[in-house]
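Scroll down for the structure; my scribbles are underneath it.
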Amino acid sequence: MIEELLPVDVMSAEAFDDDADIHLFAEERAAIADAVPRRRREFSTVRRCARTALGELGIPPVPLPPGRHRAPQWPAGVVGSMTHCSGYRAAAVARASRLHAVGIDAEEGAPLPGTLLDLVALPAERDLVERLGAQSDAVPWDRLLFSCKEAVYKVWFPLAQRMLGFDGAQIEIDSGGSFSARFLVPPPQAAGNPVPRLTGRWMHRDGFILTAIALPLPVNESPVRATHTRAPSRTFLGTENR
């Protein structure tokens with residue numbers, strides 16, 4: 001599913017269950033030595049997805065240990081993102097010569113629990129969720145908002161190399177399947193230029209919410225690319241950026 005949200009420059013792979021027999025490199029095994037079984041399974045499967053996607057770029061299997069703030073350490077010249085939720089794992093990668101950053105997120109397609117929305121949403125975003133909910137109850141808009149913020153963080157962190165609070169960017173969601181984020185803090189830099197706004201796409205399908213952002217190089221920096229042809233309290237972001 002995730003490939004439908006991404007441009008053709010991005011390779012992706014996904015899984016809906018875990019395989020107990022997944023090879024991990026020594027660095028990766030060390031990173032989850034003390035983890036509970038569920039964490040070990042999701043960690044292993046999402047790295048299998050990542051190595052499958054890297055293979056589509058012609059890159060052989062390499063270790064992908066978590067680094068600073070648990071962000072995956074990608075091979076030189078590669079940008080990427082991983083995500084996992086109950087019943088779904090995915091990874092997306094691209095050449096750094098094509099994109100500045102990629103951010104993907106997956107969430108179960110259910111409303112946020114309790115008062116979590118109040119913790120993660122700005123007042124304008126809570127109003128947005130209420131308006132969208134009045135139009136249609138087919139989508140858990142609060143969970144979608146959360147997922148959009150997670151995807152934003154996964155683009156933000158590789159560029160800014162610092163944490164971003166939930167109040168650091170304001171999300172706008174279009175019910176047709178797109179969203180945007182406007183930074184309310186000094187924006188990240190890409191090739192020396194500020195990136196004040198990001199745009200992405202979302203879907204709600206088969207019990208999951210998926211969001212994706214691909215930040216391209218400016219036209220004068222990037223090769224000509226093909227047209228997309230694929231089928232249809234301060235709390236910090238990044239809980240699945242690992």
Side-chain angles (χ1 to χ4, degrees), residues 1-96 98-99 101-110 113 143 146-147 150-151 153-155 157-158 202-214 230-231 237-242:
M1 296 189 294
I2 195 68
E3 73 171 10
E4 296 180 34
L5 301 180
L6 294 164
V8 293
D9 289 332
V10 182
M11 301 295 108
S12 62
E14 62 189 3
F16 296 88
D17 55 20
D18 297 315
D19 185 343
D21 187 24
I22 295 176
H23 169 74
L24 292 179
F25 289 85
E27 303 95 312
E28 296 168 334
R29 292 196 300 271
I32 56 169
D34 298 324
V36 299
R38 176 181 174 182
R39 169 64 178 145
R40 294 173 66 88
R41 290 193 301 269
E42 64 193 18
F43 180 99
S44 300
T45 302
V46 80
R47 275 157 179 78
R48 181 186 64 188
C49 292
R51 282 190 267 272
T52 298
L54 287 169
E56 295 296 316
L57 294 179
I59 298 173
V62 294
L64 300 169
R68 187 179 175 215
H69 296 299
R70 302 182 300 187
Q73 298 185 64
W74 299 103
V78 171
V79 297
S81 181
M82 301 178 187
T83 188
H84 50 77
C85 69
S86 179
Y88 187 83
R89 289 84 166 87
V93 298
R95 296 282 185 182
R98 294 284 188 172
L99 298 175
V102 179
I104 63 172
D105 185 69
E107 303 288 335
E108 64 173 307
R143 181 79 69 165
F146 179 85
S147 184
E150 288 289 324
Y153 178 81
K154 294 175 185 181
V155 171
F157 185 79
W202 65 268
M203 71 162 57
H204 177 223
R205 184 189 299 172
D206 297 339
F208 300 106
I209 285 176
L210 304 181
T211 52
I213 300 170
R230 287 181 176 154
L237 290 158
T239 58
E240 293 177 2
N241 190 34
R242 50 186 181 180

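Side chains are part of it too, since the values below use all heavy atoms of this structure and drop only hydrogens, waters and symmetry mates.
Here the straight-line distance linking atom CZ of Arg51 with atom CG of Leu64 works out to 5.0 Å at 0.5 Å rounding. In this structure, Arg39 CZ and Ile32 CD1 are separated by 7.0 Å, a value rounded to the nearest 0.5 Å. To the nearest 0.5 Å, atoms CZ (Phe157) and NE2 (His69) are separated by 4.5 Å. For the atom pair CE (Met1) and CG (Leu210), the distance works out to 4.5 Å, reported to the nearest 0.5 Å. Between the NE2 atom of His84 and the SG atom of Cys49 there is a distance of 11.0 Å, given to the nearest 0.5 Å. Rounding to the nearest 0.5 Å gives a distance of 9.5 Å between CG of Leu6 and CE of Met11.
Side chains of Arg95 and Ile59 form a contact here, defined as non-hydrogen atoms less than 4.5 Å apart. Between Met82 and Trp74 the shortest side-chain heavy-atom distance falls below 4.5 Å. A heavy-atom distance below 4.5 Å is found between the side chains of Pro61 and Phe25. Side-chain contact between Arg89 and Asp18 is present, with at least one heavy-atom pair separated by less than 4.5 Å. The closest side-chain heavy-atom distance from Gln73 to Glu27 is not below 4.5 Å.
The minimum heavy-atom distance between Phe208 and Gly87, with the atom names listed, is CZ-O, 3.5 Å. The minimum heavy-atom distance linking Ala91 with Val46 is given by the pair CB-O, 4.1 Å. Among all heavy-atom pairs drawn from Gly103 and Lys154, the shortest one is CA-CB, 3.9 Å. Of all the heavy atoms in Val102 and Val155, the pair that sits closest is C-CG2, 3.8 Å. For the residue pair Pro65 and Glu28, the shortest heavy atom distance occurs at N-CG, 4.1 Å. What you find for Asp105 and Ala151 is that their closest heavy atoms are CB-N, 4.1 Å.
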>> Checking Ile22 against Arg47 for the side chain to side chain contact (heavy atoms under 4.5 Å, CB included) test, could you report, in this order, the C-alpha distance in whole Å, the side-chain angles of both residues, the deciding distance, and whether it holds?
In response: CA-CA 9 Å; Ile22 295 176; Arg47 275 157 179 78; over 6 Å; no
> Given Glu108 and Ser86, is the side chain to side chain contact (heavy atoms under 4.5 Å, CB included) satisfied, shown in steps?
Replying inline: CA-CA 7 Å; Glu108 64 173 307; Ser86 179; 5.7 Å; no
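Applying the 6.0 Å contact sphere to CG of Asp19 captures more than 12 heavy atoms from other residues, nucleotides or ligands.
Classified by interplanar angle (parallel below 30°, tilted 30° to 60°, perpendicular above 60°), the ring pair Tyr88/Phe16 is perpendicular.
Looking at Ser44, its side chain does come within 3.5 Å of a backbone N or O of Arg40 through a donor-acceptor pair. Judged by distance alone, with hydrogens and angles left aside, the side-chain atoms of Glu107 form no donor-acceptor pair with the main-chain N or O of Phe146 at under 3.5 Å. Side chain of Thr83 to backbone of Ala106: a donor-acceptor contact under 3.5 angstrom is found.
Remark: of the listed residues Asp9, Val10, Leu57, Leu57 is the sole one forming a side-chain contact (heavy atoms from CB on, under 4.5 Å) with Val93.
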